[in-house]
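The next block holds one structure in the form of structure tokens; read it before the comments.
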Amino acid sequence: MADAFLKPARFSDAEWQARVQLAACYRIFAHLGWAELIYNHISLRVPGPDDHFLINPFGLHYTEVTASNLVKVDIDGNTIGHSDWPINPAGFTFHGAIHATLPDAHCVMHVHTTPTMAVCCLKDGLSFTNFYAAQLWGQVAYHEFEGITVHRDEGARILASSGGKPVLLLRNHGPVVIGRSLAQAFNLMWLVQRACEIQVASQPLGELQPITEAALHACVRDSLNFNPKFGAGEDSFAAMQRLIDRIDPSYRA
């Protein structure tokens with residue numbers, strides 16, 4: 001499958017691998033129904049000594065993103081090299097602040113799915129009362145709504161609100177997850193999405209059954225999503241990438 005798509009000479013092997021993985025992730029998001037027309041963003045650090053990052057071309061649907069049309073930018077969002085497409089002005093405002101400040105923030109994801117936005121609109125936010133939310137205990141922070149994130153100075157405030165936690169719920173807006181790898185970030189977003197889906201489904205039915213703090217700590221400790229013995233998220237992302245390869249491998253171009 002991969003041999004059918006040749007690496008352009010202008011990309012190093014490491015950058016091309018990152019591009020293929022990120023393009024696959026955009027297609028996975030579209031397959032899962034996590035796309036938002038041409039909006040929202042997944043950014044990934046380019047391997048190497050330069051502070052360069054990959055992000056989606058503004059104007060394309062996630063199903064149109066490919067390894068070669070991803071846009072490479074510097075920490076200020078300036079395009080590096082040639083690109084036929086711009087980036088969304090809101091696309092790198094807070095992503096850049098996170099990447100610039102946290103050396104382990106190799107991947108940042110932001111979505112506007114219905115269940116995650118619904119929970120972000122709740123005064124009490126995420127309820128740690130289901131299996132998925134329990135695995136996020138102690139890992140969630142909040143940022144107050146300031147409007148559309150096009151102003152650079154809000155990036156610093158968003159970063160401060162995160163307080164070093166990997167999941168940040170932008171109130172009235174949507175979730176942001178920060179990962180040491182793309183696979184880790186994807187699995188965090190999967191947990192956030194599933195936790196919010198279950199909360200939105202169960203909350204109207206009546207009083208939610210609480211989970212003890214001891215059980216919450218145990219869930220975080222025992223979660224297989226981030227356990228290296230079980231792929232640390234790499235295995236599940238690879239499974240989704242194989243699914244996309246069967247559906248449409250054109251993201252590899």
Side-chain angles (χ1 to χ4, degrees), residues 29 32-37 39-43 90-91 93-95 97-98 101-102 105 107-151 153-180 184-226 233 236:
F29 272 38
L32 294 172
W34 296 358
E36 180 85 357
L37 294 178
Y39 303 100
N40 289 342
H41 331 284
I42 312 165
S43 59
T93 299
F94 60 85
H95 286 240
I98 293 169
T101 309
L102 303 177
C107 185
V108 180
M109 298 178 172
H110 175 53
V111 298
H112 283 178
T113 65
T114 298
T116 59
M117 284 193 71
V119 169
C120 286
C121 291
L122 293 175
K123 184 175 182 179
D124 293 333
L126 184 65
S127 174
F128 295 96
T129 51
N130 67 66
F131 173 83
Y132 298 104
Q135 297 174 65
L136 296 168
W137 173 252
Q139 301 182 72
V140 179
Y142 293 87
H143 176 73
E144 295 300 324
F145 185 66
E146 297 185 28
I148 300 174
T149 54
V150 293
H151 302 289
D153 57 338
E154 188 181 0
R157 292 192 293 276
I158 288 174
L159 182 62
S161 295
S162 71
K165 295 181 178 179
V167 176
L168 178 63
L169 300 184
L170 305 178
R171 292 193 182 277
N172 313 101
H173 187 167
V176 176
V177 301
I178 305 166
R180 292 188 296 272
Q184 185 193 56
F186 172 75
N187 279 270
L188 276 169
M189 189 63 83
W190 170 264
L191 281 179
V192 172
Q193 172 73 13
R194 293 294 289 136
C196 292
E197 286 176 342
I198 302 304
Q199 180 174 337
V200 168
S202 60
Q203 209 158 23
L205 302 180
E207 185 175 358
L208 296 175
Q209 176 66 27
I211 297 175
T212 67
E213 190 166 327
L216 291 170
H217 282 292
C219 283
V220 173
R221 181 193 65 220
D222 298 335
S223 176
L224 299 184
N225 296 281
F226 311 105
S236 55

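Keep in mind that what you see is a predicted model, and the values were worked out from it rather than measured.
- Around CH2 of W190, the count of heavy atoms belonging to other residues, nucleotides or ligands within 6.0 Å does not exceed 12.
- Evaluation of the ring-ring contact (aromatic ring centres under 6.0 Å, His included) rule for Y39 yields F58 as partners, not counting sequence neighbours.
- Here the CG-CZ distance, from L191 to F186, works out to 10.0 Å after rounding to the nearest 0.5 Å.
- Shown here for S43 and H95, the closest heavy-atom pair between the two residues is OG-ND1, 2.7 Å.
- For the side chain to side chain contact (heavy atoms under 4.5 Å, CB included) test, no residue two or more places apart in sequence or in another chain qualifies with A201.
- Note that CG of L102 and CZ of R180 are 12.0 Å apart. Values are rounded to the nearest 0.5 Å.
- Annotation: the span from H217 atom NE2 to I211 atom CD1 amounts to 12.5 Å, rounded to 0.5 Å.
- Under the rule for a side chain to side chain contact (heavy atoms under 4.5 Å, CB included), the partners of P115 that lie at least two apart in sequence or sit in another chain are T113, Q193, C196, E197, V200.
- By the neighbour-count criterion of 12 heavy atoms within 6.0 Å, atom CG of L208 is densely surrounded, having more than that number from other residues, nucleotides or ligands.
- Shown here are the side chain to side chain contact (heavy atoms under 4.5 Å, CB included) partners of A97, two or more places apart in sequence or in another chain: there are none.
- The two atoms that bring I98 and A105 nearest to each other are CG2-CB, 3.8 Å, heavy atoms only.
- In this structure, the side chain of H41 does not engage the main chain of M109 through any donor-acceptor pair within 3.5 Å.
- Note that the CG atom of L170 and the CZ atom of F145 stand 9.5 Å from one another [nearest 0.5 Å].
- The shortest heavy-atom contact between C120 and P175 is SG-N, 4.0 Å.
- No side-chain heavy atom of Q199 sits under 4.5 Å from any side-chain heavy atom of T129.
- Under the rule for a side chain to side chain contact (heavy atoms under 4.5 Å, CB included), A160 has no partner lying at least two apart in sequence or in another chain.
- Considering OG of S223 and OH of Y132, their distance stands at 11.0 Å, rounded to 0.5 Å.
- Nearest heavy atoms, M189 versus V111: SD-CG2, 3.7 Å.
- You'll find the side chain of N187 reaches within 4.5 Å of the side chain of S236, heavy atoms only.
- Counting only heavy atoms from C-beta outward, the side chains of C107 and I42 approach each other to under 4.5 Å.
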Which pairs would a plain distance check flag for residues 136-144, meaning a side-chain donor or acceptor within less than 3.5 Å of a matching protein atom at least two apart in sequence or in another chain?
from, atom 1, to, atom 2, distance (Å)
Q139, NE2, Q135, O, 2.9
Y142, OH, L126, N, 2.9
H143, ND1, S161, OG, 2.8
H143, NE2, E146, OE2, 3.2
H143, NE2, E154, OE2, 3.2
E144, OE2, R171, NE, 3.1

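- In this structure, L122 CG and L169 CG are separated by 10.5 Å, a value rounded to the nearest 0.5 Å.
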